[in-house]
Amino acid sequence: MDMEKLVSLCKRRGFIFPSSEIYGGLNGFWDYGPLGVELKRNIKEAWWQDNVRSRDDMVGLDCSIIMNPKVWEASGHVGGFSDPMVDCRETKDRYRADQLYVFKFELPAGPLMVAVAGGTAQDAKDSLDERLSKLGNKNALPIKKKDLPTPSVITYTELPEVDRILVIGPTATSAGSLTEPRQFNLMFSTNVGALADASSKAYLRPETAQGIFANFKNVCDTGRVKLPFGIAQIGKSFRNEITPRNFIFRSREFEQMEIEFFCHPSEAAQWYAYWRKARFDWYVRHGLQSGRLRLRDHDPDELAFYSTATADIEYEFPFGTSELEGIAHRGDYDLSQHTKFSGKDLSYFDEEKKERYLPHVIEPSAGADRATLAFLCEAYQEDEMGGETRTVLKFHPRLAPIKAAVFPLVKKDGMPEKGEKIYRDLKRHFNVFFDEKGAIGRRYRRQDEAGTPLGITIDGQTLEDDTVTFRDRDTGRQWRVPSAGVVQAVRDLVEPSTDA
RNA sequence: GCGGGUGUAACUCAAUGGUAGAGUACCUGCCUUCCAAGCAGGCAACGUGGGUUCGAUUCCCAUCACCCGCUCCA
């Protein structure tokens with residue numbers, strides 16, 4: 001299955017369109033069409049139902065997209081999301097300026113500066129020797145490697161501007177190929193109010209999580225909640241990505257489904273293990289069963305500095321294995337940051353244990369668009385039916401945009417009228433489709449491409465014994481159901497009791 | 001942001017320095033009793049902006065979007 005086929009199908013059947021396409025589109029933005037919006041909505045509703053409404057230890061929240069800018073200072077986004085980047089004109093490589101370490105050797109003829117890329121200063125130091133050997137082989141070193149004095153080291157960010165042309169880039173052979181660091185702030189900014197000055201500057205949220213932390217005290221004070229409990233939110237977030245890519249996988253406007261689960265520090269490890277498994281199982285239960293779904297624990301050196309454990313739920317997309325959801329053990333980092341920046345006490349008092357403490361947080365953070373894409377990729381299949389290749393989207397019935405399509409076998413003998421009645425009955429409960437035109441086979445195939453799990457056909461026998469034919473999307477198997485039982489039969493398919 | 005590729009109808013493609021054809025899809029009829037049948041008719045396109053030219057969908061430049069690689073990330 002390749003990406004272009006899926007993009008093509010999504011366009012053809014009305015799942016996903018390029019945003020503002022009649023004006024040439026806009027990089028990093030996508031629109032959901034009639035089928036796509038149903039699919040995505042079903043995913044979000046399944047998530048909300050399973051994680052919020054069916055639980056006793058979870059409440060929901062819907063925060064504003066624009067918040068007080070101090071929120072983003074506390075969260076670290078104002079600093080951490082503004083990564084200055086440096087390009088190499090010689091090799092076209094790109095680096096983060098703060099992860100580019102410049103080693104300065106004081107030589108009689110003048111300073112020699114060699115840049116090495118690395119996550120930390122130690123990483124850079126470790127690869128310095130190898131780098132110098134390569135330069136030596138290309139005769140780019142003015143003196144022998146072993147004769148070099150001990151260098152000093154600073155990051156490219158800290159390097160005085162005038163020295164930049166003296167630096168040899170990490171893969172370059174001569175000095176001066178690196179550009180100045182350029183700021184790429186990943187947060188979209190805007191201005192609140194009529195005046196566009198510094199005091200009115202605000203940001204579109206780059207994640208929904210901070211709204212939850214900012215409201216932690218409100219929820220505790222008013223929600224009659226007791227630890228451990230979680231707060232969930234589904235909503236749009238915005239990041240001015242440098243490279244939006246891979247269809248809706250990385251876009252600049254996207255939708256998150258996030259949980260912040262608060263608990264006693266001593267129970268955090270257990271809850272982390274719980275959510276790690278619960279979230280993985282949720283995807284499997286809704287159809288990601290092909291083995292393309294993985295649960296990957298971060299290596300210690302991969303962890304954010306405040307996190308003691310993080311696991312990614314990854315899916316093997318056609319363009320590579322990428323993250324669907326991250327489950328992070330964030331400790332008390334967020335609440336303590338907001339305590340510090342807001343000056344408000346965000347600790348929790350446990351009435352039973354008579355103990356006051358700052359809760360720890362487990363954060364399962366999922367991308368709704370990424371989930372939609374994964375379910376689309378997983379569902380897309382080309383198989384054989386009746387000797388013909390057909391394209392079919394094998395969605396889990398709960399997620400399918402259209403639950404059932406009603407077909408009068410032919411347009412006579414009262415079949416359209418009977419079908420219309422069944423369609424009306426179903427429509428009160430489910431998103432269903434009615435189609436009386438053309439050959440029955442064609443109508444089945446069309447619904448196969450939309451991912452409709454059930455075909456309901458009114459045929460000659462219906463007029464005799466008031467039963468209709470059910471046709472299974474995946475197998476083509478057919479069976480008869482009494483007209484009166486159609487609504488319940490569809491409900492059994494869409495809301496199986498084992499799904500809770 | 002860099003390098004490479006692509007851009008013609010809703011989709012998949014074709015042809016052409018003198019304004020474009022097909023298949024599928026879609027719409028209207030007719031016909032049809034279970035897996036993309038048939039007949040008749042219909043709708044529908046040169047990504048955008050410049051330039052060269054008597055004339056540009058075609059050649060050139062720019063731009064935008066998408067795909068691949070790098071980079072980055074939920």
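Only a predicted model underlies this, so the values are computations on that prediction, with no experimental measurement involved. Lettering of chains follows the sequences in order, A, B, ..., and the numbering in each one begins at 1.
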Nearest-Å distance once atom [atom1] is located in both [N] and [M]:
{"N": "B:G50", "M": "B:G55", "atom1": "P", "value": "15 Å"}
{"N": "B:U8", "M": "B:A15", "atom1": "C1'", "value": "10 Å"}
{"N": "B:G23", "M": "B:C60", "atom1": "C1'", "value": "34 Å"}
{"N": "B:U52", "M": "B:A40", "atom1": "P", "value": "49 Å"}
{"N": "B:U19", "M": "B:G1", "atom1": "C1'", "value": "38 Å"}
{"N": "B:A9", "M": "B:C46", "atom1": "P", "value": "8 Å"}
{"N": "B:C11", "M": "B:A45", "atom1": "P", "value": "13 Å"}
{"N": "B:U57", "M": "B:G21", "atom1": "C1'", "value": "14 Å"}

Counting any heavy atom closer than 4.0 Å, what does [X] reach on the DNA or RNA strands: base, sugar-phosphate only, or nothing?
{"X": "A:F254", "result": "base"}
{"X": "A:G28", "result": "sugar-phosphate"}
{"X": "A:T469", "result": "base"}
{"X": "A:G476", "result": "base"}
{"X": "A:S251", "result": "base"}
{"X": "A:I440", "result": "sugar-phosphate"}
{"X": "A:R471", "result": "base"}
{"X": "A:R12", "result": "sugar-phosphate"}
{"X": "A:G367", "result": "nothing"}

### Task
Using the six-membered ring wherever Trp is involved, compare the ring planes of A:F29 and A:F188 and label them parallel, tilted or perpendicular (cut-offs 30° and 60°).
tilted
### Task
For the pair A:F262 and A:F216, name the ring-plane relationship: parallel under 30°, tilted 30 to 60°, perpendicular over 60°.
tilted
Test item: side-chain donor near acceptor, [X] and [Y], under 3.5 Å:
{"X": "A:E258", "Y": "A:S365", "result": "yes"}
{"X": "A:T462", "Y": "A:D459", "result": "yes"}
{"X": "A:S237", "Y": "A:Q256", "result": "yes"}

What is the distance from [atom1] of [X] to [atom2] of [N], rounded to the nearest Å?
{"X": "A:Y23", "N": "B:G7", "atom1": "OH", "atom2": "P", "answer": "25 Å"}
{"X": "A:D383", "N": "B:A36", "atom1": "CG", "atom2": "C1'", "answer": "14 Å"}
{"X": "A:H298", "N": "B:A74", "atom1": "NE2", "atom2": "P", "answer": "9 Å"}
{"X": "A:F407", "N": "B:U33", "atom1": "CZ", "atom2": "C1'", "answer": "15 Å"}
{"X": "A:R443", "N": "B:C35", "atom1": "CZ", "atom2": "C1'", "answer": "11 Å"}
{"X": "A:L9", "N": "B:C11", "atom1": "CG", "atom2": "P", "answer": "12 Å"}
{"X": "A:F319", "N": "B:U71", "atom1": "CZ", "atom2": "P", "answer": "16 Å"}
{"X": "A:R252", "N": "B:A74", "atom1": "CZ", "atom2": "C1'", "answer": "15 Å"}

### Task
Please answer whether B:A36 and A:Y444 are stacked, defined here as ring centres separated by less than 5.5 Å and planes angled under 30°.
no
### Query
Is NZ or CZ of A:R276 both nearer than 6.0 Å to the six-membered ring centre of A:F280 and within 45° of the ring axis?
no
### Query
Does the ring of A:Y315 carry A:R292 above it, NZ/CZ under 6.0 angstrom from centre and within 45° of its axis?
no
### Query
Between the base of B:C66 and the side chain of A:E4, is there a donor-acceptor distance below 3.5 Å?
no
### Query
Hey, does the side-chain of A:R245 have a donor or acceptor N/O within less than 3.5 Å of a partner on the base of B:C67?
no
### 5′-ward residue of the pair A:Q478/A:K11 relative to RNA chain B
A:K11
### Query
Does A:S322 or A:E449 map to a spot on RNA chain B nearer the 5' end, using the closest nucleotide for each?
A:E449
According to a strict under-4.0 Å criterion, is [X] in side-chain N/O contact with OP1 or OP2 of [N]?
{"X": "A:N246", "N": "B:C68", "result": "yes"}
{"X": "A:S8", "N": "B:U12", "result": "yes"}
{"X": "A:R445", "N": "B:A36", "result": "yes"}
{"X": "A:R442", "N": "B:A37", "result": "yes"}

#### Entry: Minimum-distance nucleotide to A:K411 side chain [options: B:U32, B:C70, B:A74]
B:U32
### 5'-to-3' dot-bracket of RNA chain B (Watson-Crick, G-U; under 3.5 angstrom; crossing pairs as [ ]; | other strand)
(((((((..((((....[..)))).(((((.......)))))....(((((..]....))))))))))))....
### Task
Output the distance between atom CD (A:E449) and atom CG (A:L393), rounded to the nearest 0.5 Å.
7.5 Å
### Query
Do A:F247 and A:F319 have their ring centres less than 6.0 Å from each other?
no
#### Entry: N-O pairing of A:R442 and A:D435 below 4.0 Å
no
